[in-house]
Structures are given as C-alpha cells and as structure tokens.
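Because the structure is a prediction, the values reported are computed rather than measured. Both counts, for ligands and for their atoms, begin at 1 and track the order of listing.
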Amino acid sequence: MARLALIGGTGVYDPHMLGSVRDETVSTPYGVVDISLGTFQGVEVVFMQRHGRGHTIPPHMVNYRGNIWALKELGVTKVVATAAVGSMNDAMKPGHFVLLDQFIDFTKNRPFTFFDGEGGLVVHTDFTEPYCGSMRKVIQEAAAELDLELHPKGCYVCVEGPRFETPAEITAYRRLGGDVVGMTNVPEVVLAREAGLCYAVVATVTNLAAGISSAPISHTEVDEVMEKASENLRSLLKAVFGKLDPESSCSCSGGVRE
Ligand code: HPA
C-alpha cells in the first residue's frame, strides 16, 4: 500500500495531530528506526521525528539513511518534511514559511548516499529540480487557500552544525545565493531522491541568521518562534495531506541514473 509521510523537524512533535496513533520500529541496514503510524485528514500517514523521540539526536548525528530507508520499506511514496531555518533574505522574516526549491551543501562529515559503489554500481543522481515539483504545487495551493504567507521559492544552505554560523559565513552564503540556512536538509533530500521518493520541505524561519540578527542566536529562540508558528504549520500540513495522492506517479521515482 502506498503511503504518505511527514518528517517533523524542530518543533513539530505533536503526535495528537494524528488519530489512532501507534508507535512502531523498522529494522534497516542502518539500524532500527522509530516511527509512528496514524491517520491525518482520514489518510494513513507515517510520522517520523527527525531528531528522535524527545529531540535527543543532534543534526549531524541523525540517521538520515536509516530514516529514508525505513520510509521506503513502509511503502511511502511522498514525504513532506518540515525544517527550522535562519534567514539571510530580508523578505523572509521570523514566522514566515518558505517552500524550498534549491539547496547548497556545506555539510562536511555525514554519510550522504545509498550508493557507495557496492557491486560496482556507480550512480550519479540528477538534482536539477531537487524538490518534487508536483508536491510543491499542492503545498502552494493549500497555503493560498488558507491565506497563509508562504514564500514559493527559497535556496537552503545546509551547514554541518551543531554550532550556529559566524557572520562571515552568513555573508558568504548570502553572496552565493542562499536564502535560508539550516542543519538537516542534506542529506535527507538527497537520499529521498535516491530512494525514488517525492519529497518537499516547508521551512519555518525561526530567526535572522548570525550577524543579521542583532542578538546571539539560541535554540530557545528557535523553539519559541517554531511554537508560535506551529498552529499555522499544522493547518497547512493538514490541508496538504488532504490533497496529496499517495498513488499518483511522478518523475521523482525515476530520478536515479547509472
Ligand atoms: N542556522 C542554522 N540552523 C538553524 C538556524 C540558523 O540560524 N535557525 C534554525 N536552524
């Protein structure tokens, strides 16, 4: 059975969003992964907490390969992910939503592919359109219907973390074309495409990036802004899950080429 999944990042931990929730574990070649299954808008949804139950896993230690493998194993075809981000774009303010359309990868030390050359298989995956175009359309429609402000495009710079950036780094990322900065979207987006999943991200701006903000950045600030935005985010997610068809096919599933 084809299914939909939600990967909840920082601040999206409310399992009460789902009806008839049951917790399960999935064994993968990369270890055991915790997920919850439940209904959302009458559709069965797999809910995964990216940072683990209780937010105990830092961004650079997340088992990205295990997580995506587990979703594939469960028959998931489409994944909506959320992410907290800092903004480097003056138009993208704390509390705003950004529908990512591009990324730049500055991670340094994470397993980032399912294709390590086993069996002589060398794979280069196309990333011209990193996020699923069909899902992005559905998310934009849902936001418009709810009258929610959603920036329709945004370039995500992924850093290794867990520290926040220096102002000099943010100046550099901004010059390169980055709009928002975060610590988790790579390799998640890469693995999703390698696994042939449709994948889109609604990012929530929680703070102005380092050096743009006049104050130091803290995880508490990130959590507080996320909490304030969470009601709108949940409404948006509900509307999106009401519209997505887990059975509809898309070019994302054919994205991997040898
Ligand atoms: N930098 C990196 N990751 C983040 C930020 C930030 O400013 N805000 C939320 N996640």
Side-chain angles (χ1 to χ4, degrees), residues 6-14 48-52 54-64 67 80-110 112 130-131 149-151 153-191 199-234 236-237:
L6 171 63
I7 301 182
T10 296
V12 190
Y13 296 127
D14 189 2
M48 173 174 275
Q49 298 185 24
R50 183 184 292 120
H51 296 277
H55 199 112
T56 49
I57 309 169
H60 63 296
M61 300 298 286
V62 169
N63 182 3
Y64 295 99
N67 286 354
V80 180
T82 69
V85 292
S87 174
M88 303 178 272
N89 179 324
D90 298 336
M92 298 175 181
K93 312 246 189 259
H96 286 190
F97 298 122
V98 184
L99 187 58
L100 304 184
D101 76 318
Q102 286 290 322
F103 71 80
I104 302 174
D105 179 13
F106 276 100
T107 61
K108 297 173 192 164
N109 194 23
R110 307 173 177 195
F112 50 83
Y131 302 91
E149 191 165 349
L150 173 87
H151 296 273
K153 285 181 172 189
C155 178
Y156 178 105
V157 173
C158 195
V159 296
E160 185 70 2
R163 68 168 174 85
F164 289 114
E165 302 67 46
T166 63
E169 286 170 327
I170 292 299
T171 302
Y173 298 152
R174 214 175 178 177
R175 284 190 189 148
L176 289 175
D179 294 303
V180 293
V181 58
M183 302 179 191
T184 54
N185 198 233
V186 181
E188 194 172 272
V189 56
V190 176
L191 296 164
Y199 175 91
V201 182
V202 178
T204 305
V205 176
T206 54
N207 57 282
L208 300 177
I212 301 173
S213 166
S214 52
I217 301 161
S218 72
H219 191 67
T220 313
E221 175 191 7
V222 169
D223 275 345
E224 280 170 5
V225 178
M226 226 26 234
E227 176 59 33
K228 276 194 204 140
S230 66
E231 206 178 310
N232 281 341
L233 182 56
R234 284 186 202 128
L236 178 59
L237 293 172

Asp105 and Tyr156 side chains, donor-acceptor separation under 3.5 Å: no
Minimum heavy-atom separation for Asp101 and Pro130, please, with both atom names.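 Asp101 and Pro130 have their closest heavy atoms at O-CD, 3.4 Å.
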Centroid-centroid distance, Tyr173 to Phe106, less than 6.0 Å: yes
For the backbone of Ile57 and the side chain of His51, can you confirm whether one donor and one acceptor N or O come within less than 3.5 Å of each other?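 Here the side-chain-to-backbone pair exists.
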Has Thr171 got a side-chain atom pairing as donor or acceptor with Pro167's backbone, closer than 3.5 angstrom?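 Checking the backbone N and O of Pro167 against the side chain of Thr171, a donor-acceptor pair under 3.5 Å is found.
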Would you sort out whether Glu149 and Lys93 count as a salt bridge (charged side-chain N to carboxylate O under 4.0 Å, His left out), showing the intermediate values? CA-CA 11 Å; Glu149 191 165 349; Lys93 312 246 189 259; over 6 Å; no
Could you list each nitrogen or oxygen of ligand 1 that sits under 3.5 Å from a protein nitrogen or oxygen, with the atom names and the distance?
residue: ligand 1; atom: 1 (N); partner: Glu165; partner atom: OE1; Å: 2.8
residue: ligand 1; atom: 1 (N); partner: Glu165; partner atom: OE2; Å: 3.2
residue: ligand 1; atom: 7 (O); partner: Asn207; partner atom: ND2; Å: 2.9
residue: ligand 1; atom: 8 (N); partner: Gly86; partner atom: N; Å: 3.2
residue: ligand 1; atom: 8 (N); partner: Asn207; partner atom: OD1; Å: 2.7
residue: ligand 1; atom: 10 (N); partner: Ala84; partner atom: O; Å: 3.3

